[in-house]
Amino acid sequence: MSEEERSLNFIEHIVEDDLKDGYGKEDLRFRFPPEPNGYLHIGHASSICLNFGLGLRYDSPVNLRFDDTNPAKEESEYVEAIKKDVSWLGYEWDKECYASDYFGQLYDWAIELIKQGKAYVDSQTSEEIANQKGTPTEPGSESPFRNRSIEENLELFQAMKEGKFGEGEHVLRAKVDMASSNMLMRDPIMYRILHKPHHRTNTDWCIYPMYDWTHGESDYIEQVSHSLCTLEFLPHRELYDWFLDQLVDSKKLRPKQREFARRNLSHTVVSKRKLLQLVESGVVSGWDDPRMPTISGLRRRGFTPESIRNFADTIGIAKRENVVDVSLLEFHVREHLNKIAPRVMAVLNPLKVVITNYEEGKEEWLEAENNPEDESAGSRKIPFSRDLFIEQEDFREQANRKFFRLKLGGEVRLKNGYIIKAESCTKDVEGNITEVQCTYDPKSKSGSGTEESLRKVKGTLHWVSVPHAVEAEVRLYDRLFNDPTPDGHKDKDFMEFVNPDSLNRITGYLEPSLKEAKVGDGFQFQRLGYFNVDSDSTENHLVFNRTVTLRDTWAKLEQKS
RNA sequence: UGGCCUAUGGUGUAAUUGGCAACACUACUGAUUUUGGUUCAGUCAUUCUAGGUUCGAGUCCUAGUAGGCCAACCA
């Protein structure tokens, strides 16, 4: 929230400079321009946070613009999903725009270019055009159709629009420079014929404008001041500017494109093709599988919009290659969830404990605070009885002094309850511990104020009363990939790095208050991690996702020894 | 082998534009704690290399080195 103190990123410096050089604050306008051909992922989140963050910072409008110029790939299903994700992240767009709304204007401008001799219809095949393109080190050669008469170009272009030709028969090209060192300037294609219905314009058009001919012009129509995109579009800037040069009215604001490096998250892939492969191969259950880096996956997993925004904010924006460690994302989820998640108790790997000196059949309802970080969260009652579950990892017959948990002859506090002492344990034929017999100190009840209740014992365990426990399916997730850069190996396919143990489904035993939990609700299972109710939950089958574990310094200690 | 972009701790970003390399994460110490959580305190850098300009260089100049992008009727 200390927004003032944060130093500016290079994009903000550009905006500040523009403000000094004559832009009015009211001139500023930004846009987030997804193509509706797939689901948004964590990489898009950076771009969304950048553009909408700028909007918030300068109190200027941000458009949500769908770059829908390729009907072969785009569907309205994706439009809806994208709108949902952007809203969920907490942003409000000014106008909902579609590049397809500008098809008419773009067509008229194309005709202008033809009339000025700056565009021509090329009737070669795509192979021929590609062959004439040259290479980065050799110039291209000119198309035999490059010098068609304006009249013929006009006639052909209109016939293209009217559907008189099949796909691939003609294209409209800008007449720029076949010898440019920038391959994109070698007479780029502006229009191609596509006899495909469009998700919004249906069959109104059978010629569709290309990205380069659409994007800057859309920015201009919307009077976007700063058109921000990722670094791979940097070579497009020259063309972006060339097209604007042909039609900009000097009295109107001229948009500028600037580029930033895309953010890469470690241990994940983000390309649509690879995500699709994960879905189709059955490695994950769908685009919103909680292990997916999609916004919908993160949402289902229990990440909060705040945590994603803070994450995007702290990594910032720059121009160099990067791989951000997932642990930073996890830090931000924990940071936010620590403040807001109600604490509850759940045992995931149960070991039965019997309190031998506790009356059989008796139950007590103990007071438990909901969130030590937030007094207003209040408290609730949890049942205590003679038979309890604790975690198997919390008991050892014998252990050294570093082990703060329950061991034979040792004492431990049951969170919100009593101090207990382990007296004996029973084992099955294989030697596995099946039950621990304990005694409790009746005067040590939490919050009772007695001298015994204030006694310090080193360990505090979470627990659940066996007769009151609610069973639930709990899904424990781990990283989807074992390698920090699964798609960064030239000799190995990213699928080779899929973590076979990224999902572990178990049955957990929860305190009864969780019976009322609704889909999406998030909790801290004390000492275990943050969990939320999955959308697979039904009335009689609760399903929880583990969003992220708590930091676990004990596990690290254990690993070392 | 053409053009363009980039290079600061393990990671991601800063550095008032030439003035004590800062912040966050991770890791490691320690304190606090009825969550081995949280919180608090502390530790971890030859600014890619080599020269140069300067009282002074992460920042400017020269030459290297390394990585990335560019030849879809995709965006």
Side-chain angles (χ1 to χ4, degrees), chain A residues 5-9 13 33-35 37 67-70 72-74 99 122 125-126 129-131 133-140 167-173 180-184 186 189-194 207-208 210-212 214-215 229 231-238 259 261 263 266 311 313-325 327-332 334-335 338-339 343 345 369 372-373 402-405 412-417 419 446-447 453-462 484 524-529 549-558:
Chain A
E5 302 188 9
R6 213 191 84 234
S7 51
L8 303 183
N9 62 46
H13 279 296
E35 181 188 15
N37 71 340
D67 234 331
D68 54 349
T69 58
N70 186 357
K73 293 187 175 180
E74 296 149 7
D122 196 335
T125 64
S126 63
I129 292 176
N131 289 338
K133 205 113 206 222
T135 69
T137 51
E138 302 157 34
E167 293 185 7
E169 285 187 51
H170 305 278
V171 290
L172 185 73
R173 288 229 256 171
S180 172
S181 58
N182 182 348
M183 301 288 292
L184 290 159
R186 325 247 258 226
I189 291 170
M190 295 171 66
Y191 276 95
R192 78 287 214 186
I193 297 168
L194 246 30
I207 55 170
Y208 291 92
M210 301 288 288
Y211 166 84
D212 287 299
T214 308
H215 204 89
C229 58
L231 232 30
E232 68 265 29
F233 287 95
L234 200 153
H236 293 252
R237 184 149 120 196
E238 193 180 357
E259 311 80 13
R263 322 313 319 214
S266 76
F311 170 68
D313 230 47
T314 49
I315 60 185
I317 289 294
K319 293 178 83 166
R320 64 173 132 159
E321 295 294 309
N322 59 81
V323 182
V324 184
D325 202 288
S327 62
L328 184 60
L329 215 205
E330 291 170 352
F331 162 78
H332 282 288
R334 291 191 186 108
E335 184 192 42
N338 177 49
K339 288 189 194 123
R343 271 58 169 174
M345 293 204 284
E369 74 179 330
E373 307 291 316
K402 288 264 182 79
F403 187 77
F404 301 158
R405 308 176 182 191
V412 95
R413 174 171 290 283
L414 294 177
K415 179 82 181 166
N416 304 308
I419 293 174
S446 290
S453 75
L454 298 172
R455 244 177 75 213
K456 300 280 180 201
V457 287
K458 193 60 191 170
T460 302
L461 306 185
H462 64 278
Q524 184 194 95
F525 289 3
Q526 281 179 117
R527 301 213 300 136
L528 297 174
T549 60
L550 256 26
R551 280 187 70 221
D552 192 348
T553 42
W554 167 244
K556 280 176 201 155
L557 268 177
E558 282 273 279

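Sequence lines set the chain letters: A, B, ... in the order given, protein chains first and strands last, and positions in each chain run from 1. None of these values were measured; they are calculated from a predicted model.
Residue whose closest nucleotide on RNA chain B sits further toward the 5' end, between Ala261(A) and Gly134(A): Ala261(A). Nearest-nucleotide positions on RNA chain B place Ala130(A) closer to the 5' end than the other of Glu35(A) and Ala130(A).
At U11(B), none of the side-chain N or O atoms of Ser266(A) fall inside 4.0 Å of OP1 or OP2 (strictly under the cut-off). A close approach under 4.0 Å does occur between a side-chain nitrogen or oxygen of His13(A) and OP1 or OP2 of A15(B). Listed pair Lys556(A) / A27(B) meets the phosphate criterion, a side-chain N or O lying under 4.0 Å from OP1 or OP2. One finds a side-chain N or O of Arg192(A) lying less than 4.0 angstrom from the OP1 or OP2 phosphate oxygen of A75(B).
Spacing between atom CG of Asn322(A) and atom P of A7(B) amounts to 12 Å, rounded to whole angstrom units. One atom, CG of Asp313(A), and another, C1' of A14(B), lie 14 Å apart when rounded to the nearest Å. Nucleotide C69(B) holds its P atom 14 Å from the CZ atom of Phe233(A), rounded to whole Å. The distance from atom OH of Tyr191(A) to atom C1' of C74(B) is 17 Å, rounded to the nearest whole Å. Taking atom CZ of Arg173(A) as the reference point, atom C1' of A71(B) lies 12 Å away to the nearest angstrom. Between Asp325(A) atom CG and U13(B) atom C1' there is a gap of 15 Å when expressed in whole angstrom units. Per the geometry, CG belonging to Asn9(A) stands 11 Å off P belonging to U13(B), to the nearest Å. Taking atom CD of residue Glu138(A) and atom P of nucleotide C70(B), one finds them 19 Å apart after rounding to whole Å.
Residue Arg334(A) is classed as having no contact, given no heavy-atom separation below 4.0 Å to the nucleic acid. Within 4.0 Å (heavy atoms only), Leu194(A) reaches no atom of the nucleic acid at all. Looking at heavy-atom distances under 4.0 Å, Asn37(A) makes no contact with the nucleic acid at all. Using a 4.0 Å heavy-atom cutoff across all strands shown, Thr135(A) reaches at least one base atom of the nucleic acid. Within the 4.0 angstrom heavy-atom criterion, no nucleotide atom of any strand lies near Lys339(A).
Across G36(B), U26(B), G12(B), the shortest atom-to-atom separation from the side chain of Val324(A) is found for G12(B). Of the listed nucleotides (A71(B), G37(B), C74(B)), C74(B) has the atom at the smallest distance from the side chain of Met210(A). When the nucleotides G36(B), C73(B), C74(B) are ranked by their closest atom to the side chain of Lys73(A), C74(B) comes out on top.
For Asp68(A), there are no salt bridge (charged side-chain N to carboxylate O under 4.0 Å, His left out) partners, not counting sequence neighbours.
The gap from the P atom of C74(B) to that of G10(B) amounts to 45 Å, rounded to the nearest Å. Taking atom P in both U6(B) and A24(B), one finds a spacing of 28 Å when rounded to whole Å. As rounded to the nearest Å, G52(B) and A45(B) have P atoms that lie 27 Å from one another. C28(B) and G19(B): their P atoms are spaced 37 Å apart (whole Å). Only the P atoms considered, C44(B) is 42 Å distant from C4(B), to the nearest whole Å. U26(B) and U65(B) are spaced 39 Å apart, taking the P atom of each and rounding to whole Å. Comparing the C1' positions of C70(B) and G51(B) gives an interatomic distance of 33 Å, to the nearest angstrom. For the C1' atoms, the distance from A22(B) to G58(B) is 13 Å, rounded to whole Å.
With a glycosidic angle further than 90° from 0, U11(B) counts as anti.
A 4.5 Å side-chain heavy-atom check between Asn37(A) and Asn70(A) finds every atom pair outside the cut-off.
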- Determine, step by step, whether Asp122(A) and Ile129(A) satisfy the side chain to side chain contact (heavy atoms under 4.5 Å, CB included) criterion, reporting the C-alpha distance in whole Å, the side-chain angles of both residues, the deciding distance to 0.1 Å, and the verdict. CA-CA 9 Å; Asp122(A) 196 335; Ile129(A) 292 176; 3.9 Å; yes
- Per-nucleotide pairing state of RNA chain B [Watson-Crick or G-U, under 3.5 Å; [ ] pseudoknot-crossing; | other strand]: .((((((..((((.....[..)))).(((((.......)))))....(((((..]....))))))))))).....
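In this model, no donor atom of one side chain and acceptor atom of the other lie less than 3.5 Å apart for Asn182(A) and Ser180(A). Side chain to side chain, His236(A) and Asp212(A) meet the donor-acceptor criterion of an N or O pair below 3.5 Å. No donor-acceptor contact under 3.5 angstrom links the side chains of Ser126(A) and Arg192(A), judged on distance only.
The distance from atom CG of Asp67(A) to atom OH of Tyr211(A), rounded to the nearest 0.5 Å, is 6.5 Å. Going from atom CE of Met190(A) over to atom OG1 of Thr214(A) covers 9.0 Å, rounded to the nearest 0.5 Å. Interatomic distance, OG1 of Thr460(A) versus CG of Leu414(A), reported as 9.0 Å (0.5 Å rounding). Note: Ser446(A) OG to Glu369(A) CD = 10.5 Å, rounded to the nearest 0.5 Å. Interatomic distance, CG of Leu231(A) versus CD of Glu259(A), reported as 6.5 Å (0.5 Å rounding). Interatomic distance, Asn131(A) CG to Lys133(A) NZ, rounded to the nearest 0.5 Å: 12.0 Å.
Side-chain atoms of Arg551(A) never come within 3.5 Å of backbone atoms of Phe331(A) as a donor-acceptor pair (strictly under, hydrogens ignored). The backbone N or O of Gly417(A) sits less than 3.5 Å from a side-chain atom of Arg413(A), completing a donor-acceptor pair. In terms of modelled atom types and a separation under 3.5 Å, the side chain of Asp552(A) and the main chain of Ala555(A) share a donor-acceptor contact.
Donor-acceptor pairing under 3.5 Å, judged by distance alone, is absent between the side chain of Arg263(A) and the base of G12(B).
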Could you pull out the protein-nucleic contacts involving nucleotides 18-25 of chain B (nitrogen or oxygen on both sides, under 3.5 Å)?
none

Can you name the atoms? Protein N/O to nucleotides 2-5 of chain B N/O, anything below 3.5 Å, with the distance.
residue	atom	partner	partner atom	Å
G2(B)	N3	Pro136(A)	O	3.0

Give me the distances for all protein-to-nucleotides 64-68 of chain B N/O pairs that come in under 3.5 Å?
residue	atom	partner	partner atom	Å
G68(B)	O2'	Glu321(A)	OE2	3.3

- Query: Reading nucleotides 30-35 of chain B from the 5' end, what letters show protein touch, with B for base, S for backbone sugar-phosphate only, - for no heavy atom under 4.0 Å?
  - Reply: ----BB
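Ring stacking holds between Trp554(A) and G36(B), with the centres under 5.5 Å apart and the planes within 30 degrees of each other.
Below 30°, between 30° and 60°, or above 60°: for Phe311(A) and His332(A) the angle between ring planes is above 60°, a perpendicular geometry.
Residues His462(A) and Gln526(A) share a closest heavy-atom pair of ND1-O, 3.5 Å. The two residues Ser266(A) and Asp325(A) have their closest heavy-atom pair at OG-CA, 3.5 Å.
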